[in-house]
Structure formats: C-alpha cells, structure tokens
Amino acid sequence: MRKNIAVLKGDGIGPEIVDQAILVLDAIAKKYGHEFVYTEVDIGGCSIDKHGVPITEEGMAMCKASDSVLLGAVGGPKWDGVDPSIRPEKALLAVRKELGLFANLRPTKLFAQLADASPLKDSVVGDGIDLMIVRELTGGIYFGKRRTEVVEGEKVATDEMTYSEHEVERIGRVAFETARKRGKRVASVDKANVLDSSRLWRAVMHRLAEEYPDVAYSDILVDNTAMQLIKNPGQFDVIVTENMFGDILSDEASMLTGSIGMMPSASLSSTTLGMYEPIHGSAPDIAGMDLANPIGTIMSAAMMLRYSFDMIEEADAIEAAVNKVLDDGYRTADIWKEGFRKVGCAEMGAAVAARL
Ligand code: NAD
C-alpha cells in the first residue's frame, strides 16, 4: 500500500523523536512491502521564524491532502512572548479544526517492564493498567462563547459549555467501536447531577448503549472518576468524556504510567484522516541532547497504522518490537534505573527498528 504522510516535526525534541518514528515506519514499509511518502510541513515556532505564522495555508493544505499526519511537538520559551494570535499552539487548534478531528484517543498503558515507575503501589496497580480515554475534541467549553464584562462595578467572566446530540453521538460511537476491539466495556464520564450538557450527554450515551448490547456500559461522575483512577485504575477499559473533563483526566491517567515520554495519542475525524502525536510537549530542557524518549512517538505511528491505514498486523508488530526493546533492557534517561542499559533517543529508535 502507498500512503502519504504529512510530517510535522515542530520544535524542541520534535525533530529528534519524529525521526525515530520514521525510521520505524521505514522498517515496517520494508518488511510488509508498503510505501510511505513523507511531506514535511513546518509547524509551531519554527514556522513562525520562517514564515511569520505557526502554520502556512500551503502547509495546512498539505495536511488535508495527506492520508495522515504525524506530529512531534510545538512551542518553547523562544516563542512565549509572541502575539497570542500566532502562538505555536494556535497551529494545533487550527489543524484539529480544519481536519475535523473530533475524537482524541489516549491509550494509557503501564508496561509490565516499567511497573515500578508508576506512582501507585503494586497492590493498586494489580494486573496492570490498560485503558483508553476517548475525549471529545472540538466541542464543549473550549469552543463555547466566552466574554468578560463589567457588572455592577466588577469584572464577570463567562465560558459556555455547549453540546449537540450529533456531537455526543459521534464521539459515543467511536468509544463503543473502540471498546468492541478491546475489553468491551465503556464508562461514560459526566457531571449529570449538575450540568444540562451532561444530562444530554448521558441520554445520548444510553440510547447508543442499546445499539451495542455486547459492550458493558456504565455512567460515572467526573469527580468520582478522578478518584477511581487512583484507587482502582484496572476497573476501566474505555472511558469516554467531553473535552475539558477528558483534558484533565487524560493527564491524570498518563501519570499513572510513570513516564510522559511513553504515551501516544490519536486524533480522528469522520474519515480515515487522523493526526498522531505523543502526549508530551517539546521538552525544551532536553532538546537537541539525544535524551528524549521516542517511544510515545513511535507508538503514535503504530496508532496511525491501526486507525488510519487499517494495518493491524503492522501496528501489532511495532508494539511487540517496543516491548522486546524494553525486555532487552534498553532505557532512555527518563525511564532508566540501575542495572539497565541507558540509551539516547537515536539508539532507542534504532533498537525498535532493528527488532522489526
Ligand atoms: P513537556 O511535556 O514538553 O515537558 C515536561 C517534562 O517532561 C520536561 O521535564 C521534559 O524534559 C519531560 N519530557 C517530555 N517529553 C519527554 C520525552 N519524550 N522524553 C523524556 N522526557 C520528556 O511540557 P512543558 O515543559 O510544560 O512544555 C514545553 C513546551 O511544549 C511549551 O512551550 C508547551 O507549550 C509545549 N507543549 C506542546 C504540546 C504539543 O505540541 N502537543 C503539548 C504540551 C506542551
């Protein structure tokens, strides 16, 4: 199969980690007879420096015309002072919007080899953590109307949280379909005891649950979810929730695994076009030092194969290669401890590619 991939390396450690993911994709192409064609697009601070904007119109058009987008990370202190209208993150929001990326999938997996990196006790981690957060990405309070006004002599600020039935239904379907391919359980997170938008969310999810009798469905309030993730994370398979709750819970969940450098993510649209990126930022403190962990980006490339290209065997092969590398004792600095082989970003990427 021939696939066009828009490659957005971005800033900080972005280029280093994306290069390792490409090395791994090339190994897959060779092994399975595919052709991956990469088109580089500037994004974030490097694009501001070159073009004066965090992504150009041509760059955006290239993303839209591609089969999928692979992203490193954007931003850094150099661009903290730029005008808010052209901040590096603006490009991310623009790509999400232009590509209609409404579903954010964040797997949270504690690798058995790194179990002691989790801040949770062994007795809590139990048989491991392997859950998927499905976060709605283009609705809710981040996209609602906002205003600050003066009322009776003081400033009053308002942010509106809005959801329509079709927005809830399409993210719900992603969650149920994802659960069918995993542990067949969906927990829908809301605040239906207080919010109207949550009551609508819950009603739509209940309707959908009837269409998926093979998937066990439950409702859970967001505050309880925050507690349960710490108390008994093994109870969850797929968690589906709205934009802001998902933003907060997915960061909480990622910490249960001990290292931000290991975690991938996928942002999906209603077509097969998606954007794949590690969950961390551009890590300016270690940029250019060959210290970054590329596994989050490599696992993001595996998600690209799985969700955008339907290359399930190939995705499984990457995940198995990562497991093998960890079994073989390779550790980047963020996950290293005494007795293991400390490697840099490039050596870690090469080790994964070699096992394919
Ligand atoms: P960060 O995720 O970049 O870094 C947090 C800490 O984790 C740092 O100590 C860093 O060294 C470490 N870290 C991150 N990724 C790592 C990896 N792969 N391997 C080893 N260690 C890793 O978060 P931050 O420091 O808050 O943000 C830095 C910049 O990144 C900011 O400009 C921020 O706006 C931007 N950012 C971008 C994205 C994105 O592009 N999606 C996301 C978050 C933050």
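Residues: numbered from 1 along the sequence shown. A quick note: this is a predicted structure, and the numbers were derived from the prediction, not measured. Every number for a ligand or one of its atoms is a count from 1 in the order of the listing.
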Applying ring-ring contact (aromatic ring centres under 6.0 Å, His included) to Y163 and not counting sequence neighbours gives W201

Taking D190 first and then R199, would you say they form a salt bridge - that is, a charged N and a carboxylate O separated by under 4.0 Å? no

Contact residues of ligand 1 with a heavy-atom cut-off of under 4.0 Å? I13, A73, V74, G75, G76, E89, L92, I260, G261, E277, H280, G281, S282, A283, P284, D285, I286, A292, N293, D334

By side chain to side chain contact (heavy atoms under 4.5 Å, CB included), which residues pair with L291, not counting sequence neighbours? I286, M289, A333

Using 30° and 60° as the class limits, which term best fits the ring planes of H34 and F36: parallel, tilted or perpendicular? tilted

Between E211 and R173, is there a side-chain N and carboxylate O pair less than 4.0 Å apart? yes

Residue pairs involving residues 52-77 (criterion salt bridge (charged side-chain N to carboxylate O under 4.0 Å, His left out); sequence neighbours excluded): K64-E98

